[in-house]
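Before any comments, here is the structure.
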Amino acid sequence: MASWRPPGFRSAPASSPTSFRNGAPDTWQRIGVTALLGLGFLPLVLALETRIGLFVGAMLAVAFAGIRWPGLRPGGWTLGLLTLAGGLNVIDTYQGIAGQHPGTALLLTMLSLKLLEVRTRRDLRVLLLVFGFLVVVQFLFDQSPARTLLMGALLVANFALLFDLAQDAHAGSPLGRARRAGRVALSMMLQAIPLALLLFVFFPRLDTPLWDLGLENPYAITGLNDWLEPGSVTQLIISGEDALRVRFDRDPGIPVERMYWRGPVLWHNDGRRWVPARVGEFAQASPQLRPEAEALSYTVAMEPTNQPWLIGLDLPTQVPSDARLSADFQVLAAAPVDEFRIYRMTSVPVYSTLGLSPDEAQAALALPGNVTPRMRTLVEGWQADGAAPEAIVQRALQHFGQPPFSYTLLPPALGANPVDAFLFDARAGFCEHYAAAFAVLMRIAGIPSRIVLGYLGGERNPINGEVLVRQSEAHAWNEVWLADRGWVRIDPTAAIDPARVDADRHIAALGAGAPARFRVDDQGLFGKGARGLRLLADALGSGWRQWVVGFSTRNQRQLLDRLDLGPLRDLGLVLGMVIGGALIMLAWNLLLARPSRPRDPLLRAYQRFMRRLSPLGLARRPTEGPVDHRNRIDRARPDLTEAVDAILAPYLRLRYGGSQDPADLQQLRQRIARFRPARRAPTDMQD
């Protein structure tokens, strides 16, 4: 019986095995890997020096050309010289290879050179495995959702290429292979996402990033300085970078354009530069404040500044636990803000301050050594009738509000005595000029004064209710001490007639290194649509920064507390990972182990046949072929032999005999539908 063959059965010719795993890759595989690395290089190259980008781009061009013309691929000696040139290029550009930028430049250089020596599939697999390091490096430069989506797409392509390299290069058309590899890669990615999310939530956070080796970063972070002199704030005004985002617990009741965001407070002036008070200079240990309005609580998401202060709405009263409120209402963190930070704060928009200590009064009245006679004469004119301090303040503001004073981001050079030159010669400047001049004039008049740096205004996003404050909202204003009100905010720049504001000329003066900024009319259909898309993107980006990038050790502790695992601390995180990981793996195992309906109609029909035999204990065993299975049925239930042979005959012709006759498949389905075996053999057969 072992030699039984169905009628009309002919064996299909066997294909000879081929060795392809370590053979030469085909053209499409070379193109795919080269294009993938090029897309991974592009975002990083844009963040590096031009010389690095030119070298990497040249190597990519040679690699692409070598796919079409193999003779262009460099040999051993040429490749060695290119490697030496690439390494020296990195060292000469960055004066070393240690640090984020030079290390990334060296990685890109070596990967681009590796492309030139690809000869086998193994070489391509090595490049695809190293691509994982390239993905990790991306997030040292940018952690935005757009970069994450791009890297996710490139990872799927990476897995697809790895799968394709493990298959027979001749098994189908390039398009068919790409579809099959893409389905497998996407399935792998989707299966990995739940476990990745679990590790993201429960894996212990480090206080310091792994890549922070204490090396000095020569690339400045945009933000306010703790000093003021002509030109210092102007550089921020032409920057479109984000400074902070604020979400109020309730409607603050203040127009966004009138929101003052407080930063450093400057007391001392050497005639040109203003600087803050020294630590411990004032004896008063804590600020004194009398609220005159309901306090506002809010959450701030602040970009890194490498400075120790935290920005808050004027005037802050309650600050984060790791910060303190100085005597002049600066919010000072325990360490410089060198990474994206989210914190809570409370402020009082209407207030009166109390208590001016002798040390503060002395500092707030100190004059630089370059006060000129005409500056004193100007102030004496305001004091001629014995005016009160409030009246002198108003006369100073009226003076700035009269022609020829104007507002411009491009004032003329002011020389060694910028205040005098601004008041009597240039009479055109920016908020820093008005704030510095106003502070000096008030001190000449005997009114204590100081300068506050921060931001003014912002943009409210109606999608998520946040107020976005950009570096372009950087501002400087004054505070003067009035006996019955304490420190009072005075903004001399606001006294300028809007007709004398030149706010557009600076766009034409932006340097080559400054970001291009365009103005779109918000009233038109296109302008409204563009603004809506920008606000939507900003809302999504803000949520990403707060809930993903900003997910911190404190968030983990809060999660453990909600799960009643807080007392276990790090052990609770480990338990969360182990238990959650086990549940995820169990769920996937149950889901993937569940038999799915095959796409092959022939296989579906054969599985239906097996289901008919299963109650009889005659289903096919894993080690049996169809013929051996048929012979076992014949021995156990001879009464079924004829019906089983009638089913196996068309099945074997279709599966193994090379037949593609639709009539055979239809015949097989009909015979299986009629196959209704009894659970026991007839009595005469048993006897």
Side-chain angles (χ1 to χ4, degrees), residues 36 39-40 43 125-167 178-211 339-340 342 540-541 543-596:
L36 177 68
L39 291 174
R125 282 196 292 271
V126 170
L127 282 170
L128 292 174
L129 292 175
V130 178
F131 184 79
F133 291 96
L134 194 65
V135 171
V136 173
V137 170
Q138 302 276 348
F139 296 104
L140 303 183
F141 293 85
D142 182 14
Q143 300 175 8
S144 66
R147 181 69 62 93
T148 304
L149 289 176
L150 174 60
M151 291 302 106
L154 293 183
L155 270 181
V156 172
N158 183 68
F159 295 153
L161 286 167
L162 281 170
F163 176 83
D164 187 67
L165 287 169
Q167 308 303 309
R179 289 176 177 173
R180 182 170 61 254
R183 286 195 300 268
V184 172
L186 188 58
S187 175
M188 292 172 56
M189 179 70 78
L190 293 177
Q191 293 176 40
I193 286 177
L195 189 58
L197 291 176
L198 177 78
L199 293 176
F200 170 79
V201 172
F202 285 99
F203 195 85
R205 288 293 190 273
L206 300 177
D207 294 332
T208 303
L210 290 174
W211 55 84
E339 61 182 358
F340 180 75
I342 300 174
L540 294 175
W544 177 267
R545 295 293 299 272
Q546 292 193 39
W547 300 110
V548 178
V549 178
F551 191 80
S552 62
T553 303
R554 187 170 68 89
N555 298 123
Q556 284 187 326
R557 300 299 182 202
Q558 292 175 347
L559 178 61
L560 289 179
D561 291 338
R562 292 175 184 174
L563 298 175
D564 293 329
L565 297 175
L568 299 179
R569 300 181 64 81
D570 291 343
L571 180 59
L573 295 175
V574 174
L575 288 175
M577 283 192 293
V578 172
I579 296 173
L583 292 176
I584 290 174
M585 299 303 292
L586 177 62
W588 276 123
N589 184 63
L590 294 176
L591 182 62
L592 297 177
R594 186 182 64 182
S596 58

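Residues take their numbers from the sequence shown, with the count starting at 1. Both backbone and side-chain heavy atoms feed into the values below; hydrogens, waters and symmetry mates do not.
- Checking each of L590, I584, L586 against W588 for a side chain to side chain contact (heavy atoms under 4.5 Å, CB included) leaves exactly one that passes, namely I584.
- Applying the 6.0 Å contact sphere to CZ of F133 captures no more than 12 heavy atoms from other residues, nucleotides or ligands.
- The two residues A157 and L36 have their closest heavy-atom pair at CB-CD1, 4.0 Å.
- Under the side-chain contact (heavy atoms from CB on, under 4.5 Å) criterion, V201 pairs with F551, L559, not counting sequence neighbours.
- For the pair M577 and L198, the tightest heavy-atom approach, listed with the atom from each and the gap, is O-CD2, 3.5 Å.
- For the atom pair CZ of F163 and CZ of R180, the computed distance is 6.0 Å after rounding to the nearest 0.5 Å.
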Handout entry: CA sep, side-chain torsions, deciding dist, call: L165, L128, side-chain contact (heavy atoms from CB on, under 4.5 Å)
Key = CA-CA 10 Å; L165 287 169; L128 292 174; 3.7 Å; yes

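- Proximity of P43 to L150: side-chain heavy atoms (C-beta onward) are separated by under 4.5 Å at one or more points.
- Scanning both residues, F131 and G40, for their nearest heavy atoms gives CE1-CA, 4.3 Å.
- Between L154 and L134, the closest side-chain pair of non-hydrogen atoms is not below 4.5 Å.
- In this structure, M151 CE and L155 CG are separated by 8.0 Å, a value rounded to the nearest 0.5 Å.
- For the pair F202/L575, no side-chain contact is recorded, criterion being any heavy-atom separation below 4.5 Å from C-beta on.
- Between A160 and A185, the shortest heavy-atom contact is N-CB, 3.4 Å.
- Counting heavy atoms from C-beta on, the side chains of Q143 and T148 never come closer than 4.5 Å.
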